[in-house]
Amino acid sequence: MAADNLPSEFDVIILGTGLSESVIAAACSRVGQRVLHVDRRNYYAGNWASFTFNGLLSWIEEYKVSLAVFGEVERCLLESSSVEEEEPVVASDEASPASGPDAGAEQTQPEGQEREVPSQAEETQGEAQQASPSPAERQPEPKKKITYTKIVKEGRRFNIDLVSKLMFSRGSLVDLLIKSNVSRYAEFKNVTRILTYRNGKVEQVPCSRADVFGSKQLTVVEKRMLMKFLTFCLDFEQHPEEYQDFSEHSFWDFLQTKKLTENLQHFILHSIAMVIPEVCTVEGLRATQHFLRCLGRYGNTPFLFPLYGLGEIPQCFCRMCAVFGGIYCLRHSVQCLVLDKESGKCKAVIDTHGQRISCSHFVVEDGYIGADQRKNTDSRQISRAVLITDRSILPSDSEQQISLVTVPPVEPGGPLVRIIELCSSTMTCMLDTYLVHLTCSSASGSAQEDLAPVVSRLFHTPAREEESRGPTVLWALYFNMRDTSAVDRSSYDLPSNVHVCASPDTALGSDHSIKLAEAVFRQLLPDEEFCPPAPNPEDIIYDGDGPQGEGPGFEEAAPAEGAGAQGGESAGRQEGKEAVGETKGAGDSVTPETGAGDEPSPTSDE
């Protein structure tokens with residue numbers, strides 16, 4: 001709808017299209033609320049967005065220009081590096097030095113380089129061509145050259161996330177996707193392996209029962225020790241005598257009392273529980289238990305990743321909101337709030353076109369709130385890095401690996417770094433490249449200072465003169481984002497019916513954002529169900545389709561038919577798009593759906 005011709009009254013107005021705001025919009029629209037959802041940006045998902053390569057370059061330029069205006073949203077440290085356009089980078093088993101200026105921050109989006117997204121048949125054909133041959137067949141292949149010009153030309157093949165997260169198969173986000181039926185709008189891939197960095201090399205972490213007993217890294221004794229401990233963690237609440245003496249001690253202290261080798265302690269702490277050593281014992285056990293309960297639901301690891309990037313998830317909920325009558329306006333914002341003199345509540349907003357729009361509730365992304373509305377301006381920083389590399393961090397028989405890598409602090413006092421490496425089958429990067437995301441809580445306030453030591457150890461960069469066996473970095477970007485997830489509602493000087501959604505946090509999953517969305521929805525509509533299931537397109541009855549309405553009850557359901565027709569019209573556009581992966585497997589899409597008895601239980605052979 002045209003932004004200058006909006007209705008004058010809504011039940012809920014939402015400013016910002018991040019994950020929490022989009023979930024709230026979908027939940028309100030689904031139960032019949034009139035929703036206006038606006039964003040000053042020209043793209044969906046806000047700080048959760050995914051960009052093509054050229055789109056990311058435009059985003060960099062946008063924030064270089066508008067940093068003084070929108071500095072409250074995030075602070076970018078643009079320390080990009082790339083090879084010159086004419087300088088090829090050799091993608092081979094031997095790292096080749098790449099020279100060139102630090103040009104990433106100054107690059108602009110070339111014109112005429114956009115290409116259509118390939119069809120499903122073309123994608124399938126491309127994946128088939130990527131099938132990894134045997135080492136004997138691979139040796140005579142000529143070296144493939146990747147230039148910066150080619151990366152820009154194939155920029156539409158990239159979908160680069162601002163926020164790097166995965167989805168726990170039994171996490172709140174997957175549960176919500178299943179419950180609301182929003183999962184049909186997206187497709188997902190299994191994360192195929194979990195890695196860790198230890199003693200100067202990258203190793204695969206055995207976490208499932210099959211991985212443990214098939215591992216060549218562990219001795220027979222270590223395998224039995226690990227299985228015994230994991231079995232205990234799966235129902236540790238039933239054995240309080242095992243850990244109650246350590247309830248006030250750290251998880252690291254508790255692990256040292258379980259007669260586990262140093263190797264196993266490292267795997268459990270950093271790659272299974274994925275907590276810092278100082279975390280309390282109960283919290284560490286809960287994190288381990290959650291990891292184990294997520295195993296085996298859709299694959300051999302606990303995690304899923306959405307095809308085309310994490311930015312697809314907020315858009316899926318926006319689509320559901322629109323299906324049920326929500327109105328969307330990008331490049332549109334709110335100038336000010338109109339408050340009621342008696343109650344002090346927000347009763348209307350004035351948009352950027354000067355139109356007054358009445359509302360009962362106003363939901364806003366934290367980044368839109370000015371400093372004068374903040375009682376407490378303290379917030380944490382997230383350090384991020386995005387790399388494009390020529391090969392995997394741990395080569396294997398299959399080139400189509402999706403990997404989660406945990407890197408303990410490489411220097412005393414340094415941060416714990418999480419790496420997510422994506423292959424081309426995730427539809428986030430071009431063929432023969434990998435997209436690598438690095439994330440950590442900022443210890444220095446500078447993303448480059450926090451993450452460059454890890455990059456220099458695991459990858460070969462143009463700045464390094466010595467030879468390295470790691471993948472070559474073809475392009476890199478460092479930036480910081482604000483983390484306001486720990487800021488309390490009382491820290492904002494706002495009316496009681498204005499609800500704030502925090503920015504993304506540093507956690508691997510999205511539980512905080514989903515819980516926040518549900519909490520805000522409960523304040524708005526305490527008597528309504530949160531995100532009830534949307535009808536399937538084939539179950540919708542259209543007006544005038546008399547022959548389809550066989551059986552009693554259809555004549556009496558006229559109001560429901562009207563609502564169904566609106567939902568069917570939008571949902572029908574999804575016809576022909578494959579439902580959320582209907583098969584399970586390492587290389588296939590998966591279907592998030594509920595079911596009993598699919599919870600694995602690691603048991604020992606003893």
Side-chain angles (χ1 to χ4, degrees), residues 130-136 138 166 168-170 189-235 255 258-274 287-305 391-408 419-423 425 434 508 583-590 597-606:
Q130 296 176 61
S132 179
S134 64
R138 191 164 52 212
L166 297 175
F168 281 92
S169 64
R170 294 186 190 277
K189 285 277 191 180
N190 294 310
V191 173
T192 56
R193 59 185 183 174
I194 297 175
L195 311 175
T196 189
Y197 180 76
R198 184 169 180 268
N199 297 330
K201 62 180 181 179
V202 177
E203 301 177 356
Q204 185 161 352
V205 177
C207 46
S208 68
R209 185 177 186 276
D211 287 344
V212 170
F213 286 104
S215 173
K216 297 181 180 179
Q217 303 167 246
L218 305 179
T219 65
V220 175
V221 174
E222 284 182 317
K223 292 177 181 179
R224 297 190 179 276
M225 293 169 61
L226 180 58
M227 288 307 306
K228 182 178 180 180
F229 181 78
L230 296 182
T231 303
F232 156 72
C233 291
L234 201 56
D235 58 351
L255 289 178
K258 303 306 290 184
K259 299 180 180 179
L260 298 169
T261 64
E262 183 180 348
N263 204 24
L264 297 181
Q265 292 176 19
H266 177 94
F267 288 161
I268 294 169
L269 181 69
H270 297 296
S271 302
I272 296 180
M274 288 182 285
T288 305
Q289 182 188 66
H290 182 53
F291 181 98
L292 296 173
R293 287 181 174 176
C294 292
L295 281 172
R297 190 177 192 187
Y298 301 118
N300 204 35
T301 72
F303 305 109
L304 298 175
F305 181 80
R391 56 192 174 91
S392 176
I393 197 171
L394 182 64
S396 65
D397 294 337
S398 172
E399 295 181 359
Q400 298 305 308
Q401 297 279 5
I402 307 174
S403 307
L404 169 63
V405 191
T406 54
V407 182
I419 301 175
I420 297 176
E421 183 186 67
L422 305 172
C423 60
S425 66
Y434 288 83
L508 179 60
T583 58
K584 299 179 182 179
D588 299 327
S589 301
V590 297
D598 55 353
E599 181 177 314
S601 175
T603 56
S604 173
D605 287 346
E606 292 180 329

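This is a predicted model, so every value here is computed, not measured.
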Return the [atom1] to [atom2] distance between [X] and [Y], rounded to the nearest 0.5 Å.
X: Q400; Y: K189; atom1: CD; atom2: NZ; value: 7.5 Å
X: F291; Y: I268; atom1: CZ; atom2: CD1; value: 11.0 Å
X: S271; Y: Y197; atom1: OG; atom2: OH; value: 14.0 Å
X: R297; Y: R170; atom1: CZ; atom2: CZ; value: 4.5 Å
X: K228; Y: C233; atom1: NZ; atom2: SG; value: 12.5 Å
X: T261; Y: H266; atom1: OG1; atom2: NE2; value: 11.5 Å

Whether [X] side chain and [Y] backbone form a donor-acceptor pair below 3.5 Å:
X: K258; Y: Q265; answer: no
X: R193; Y: S403; answer: no
X: S215; Y: D211; answer: no
X: K223; Y: F213; answer: yes

Does a donor on one side chain sit under 3.5 Å from an acceptor on the other, for E203 and T196? no
Is there a donor in the side chain of N300 and an acceptor in the side chain of N190, or the other way round, less than 3.5 Å apart?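 Per modelled atom types, N300 and N190 side chains form no pair under 3.5 Å.
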What closest approach, in Å, do [X] and [Y] show between heavy atoms, and which atom pair accounts for it?
X: P206; Y: I272; value: O-CD1, 4.4 Å
X: P408; Y: T406; value: CD-O, 3.7 Å
X: R293; Y: L234; value: NH2-O, 3.6 Å
X: L292; Y: L230; value: CD1-O, 3.3 Å
X: M227; Y: T231; value: O-OG1, 2.7 Å
X: A273; Y: A287; value: O-CB, 3.5 Å

E399 vs S392, side-chain hydrogen bond (donor to acceptor under 3.5 Å, both in side chains): CA-CA, chis, key distance, verdict: CA-CA 8 Å; E399 295 181 359; S392 176; over 6 Å; no
Partners passing ring-ring contact (aromatic ring centres under 6.0 Å, His included) against F232 (at least two apart in sequence or in another chain): none
Heavy-atom check, side chain of [X] versus side chain of [Y], under 4.5 Å:
X: L195; Y: V205; value: no
X: P302; Y: I194; value: yes
X: Y434; Y: I393; value: no
X: F229; Y: L255; value: yes
X: E262; Y: F267; value: no
X: L304; Y: L166; value: no
X: C423; Y: I402; value: yes
X: L508; Y: L404; value: yes

Test L295 against R209 for side chain to side chain contact (heavy atoms under 4.5 Å, CB included), laying out the working first. CA-CA 10 Å; L295 281 172; R209 185 177 186 276; over 6 Å; no
Once the angle between the rings of F168 and H290 is folded into 0 to 90°, is it parallel (under 30°), tilted (30 to 60°) or perpendicular (over 60°)? tilted
